[in-house]
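A short worksheet on the structure shown next.
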Amino acid sequence: MHQIPETRRDLRVIDPDQVCDASAVIADAAQVRHAAAVLDGLGDANRLSILLALHHAGDLCVSDLAVAVGMSDSAVSHALRLLRALGMVEAHRHGRLVRYRVAGELTRRLLDVVSPGVVGELELHAHASSHPHHGPARGTPTRVAP
């Protein structure tokens, strides 16, 4: 069964099977919009820096993120609000602090793809032990390799 929408079936088509396949892969418009929003979220150097810091160093509060990425607390807070709205980070309370972590499988997978070219090979020392994606327990050095 062809996936060409009814409104476009009268248009000239050279290869209907390929048009059908192309239409099928983008049929879930909500998923396409979500992926575009995630890619847009990664498209800013400050937001990407925040996401990479969280992805590799683990859960961080706003002030620690600000120091790590070289931004003001208010600029980091603004970026985190946008990233939360896009479903790319989530906040959780840790005592009196609010810590942030990377959220969403698509975001994690894209950061895994981007990391080797951006992060390179580093030895990291601090990791949150509560999330399997953040590596070993806090204080255990780990290596990030390309």
Side-chain angles (χ1 to χ4, degrees), residues 1-62 64-94 98-137 140-146:
M1 180 161 130
H2 285 285
Q3 296 292 320
I4 301 171
E6 188 69 40
T7 58
R8 289 184 261 157
R9 288 195 181 148
D10 293 336
L11 300 175
R12 180 174 168 246
V13 172
I14 304 301
D15 190 330
D17 289 338
Q18 281 185 289
V19 172
C20 177
D21 291 347
S23 296
V25 299
I26 59 172
D28 189 340
Q31 284 297 90
V32 171
R33 281 192 301 278
H34 172 71
V38 168
L39 290 169
D40 187 47
L42 292 172
D44 173 80
N46 290 329
R47 291 190 304 262
L48 181 57
S49 294
I50 290 167
L51 288 165
L52 286 166
L54 292 172
H55 187 62
H56 292 288
D59 302 3
L60 292 164
C61 64
V62 170
D64 286 351
L65 266 171
V67 170
V69 300
M71 296 168 59
S72 69
D73 286 10
S74 62
V76 169
S77 290
H78 177 74
L80 288 168
R81 275 192 298 280
L82 176 66
L83 294 170
R84 278 183 80 181
L86 294 172
M88 298 175 74
V89 298
E90 59 189 16
H92 61 97
R93 189 162 290 284
H94 189 267
V98 176
R99 293 185 175 269
Y100 293 85
R101 67 171 60 120
V102 173
E105 185 59 26
L106 178 59
T107 303
R108 286 187 198 93
R109 289 175 59 200
L110 289 169
L111 290 169
D112 284 341
V113 169
V114 169
S115 289
V118 175
V119 177
E121 191 169 327
L122 297 174
E123 187 169 305
L124 302 176
H125 300 280
H127 290 277
S129 59
S130 62
H131 193 283
H133 221 288
H134 294 159
T140 305
T142 189
R143 204 169 219 20
V144 176

N/O donor to acceptor pairs below 3.5 angstrom from side-chain atoms of residues 37-50, sequence neighbours left out:
residue : atom : partner : partner atom : Å
Asp44   : OD2  : Asn46   : N            : 3.1
Asp44   : OD2  : Arg47   : N            : 2.9
Arg47   : NE   : Gly41   : O            : 3.1
Arg47   : NH2  : Asp40   : O            : 3.0
Ser49   : OG   : Ala45   : O            : 2.8

| said: Please tell me whether Asp59 and His92 have a donor and an acceptor in their side chains that are separated by less than 3.5 angstrom. | reply: yes
| message | Quick check: do Arg84 and Val89 have side-chain heavy atoms less than 4.5 Å from each other? | response | yes
| How long is the span from the CG atom in Asp21 to the CD1 atom in Ile26, to the nearest 0.5 Å? | 11.5 Å
| request: Give a yes-or-no answer on whether the side chains of Ser115 and His56 include a donor-acceptor pair shorter than 3.5 Å. | output: yes
| message | Could you measure the distance from the CG atom of Leu106 to the CD atom of Gln31? Nearest 0.5 Å is fine. | response | 8.5 Å
| message | Can you list everything that forms a side-chain contact (heavy atoms from CB on, under 4.5 Å) with Ala22? Sequence neighbours excluded, please. | response | none
| field | Counterpart residues, side-chain contact (heavy atoms from CB on, under 4.5 Å), relative to Asp10 (two or more places apart) | value | none
| query | Going by heavy atoms in the side chains, are Asp28 and Val32 under 4.5 Å from each other? | reply | no
Show me the donor-acceptor pairs, under 3.5 Å and distance only, between side chains in residues 70-77 and residues at least two apart or in other chains.
residue : atom : partner : partner atom : Å
Ser72   : OG   : Ser74   : OG           : 3.2
Ser72   : OG   : Ala75   : N            : 3.0
Ser77   : OG   : Asp73   : O            : 3.1

| Partners meeting side-chain contact (heavy atoms from CB on, under 4.5 Å) with Arg33 (sequence neighbours left out) | Ala29, Ala30
| field | Results of side-chain contact (heavy atoms from CB on, under 4.5 Å) for Val98 - residues two or more places apart only | value | Ala91, Arg93, Tyr100
| request: Mind listing the closest non-hydrogen atom pair of His55 and Asp112 along with its distance? | output: NE2-OD1, 2.8 Å
| Say you draw a straight line from CG of Leu80 to CG of Leu54; how long is it, rounded to the nearest 0.5 Å? | 7.0 Å
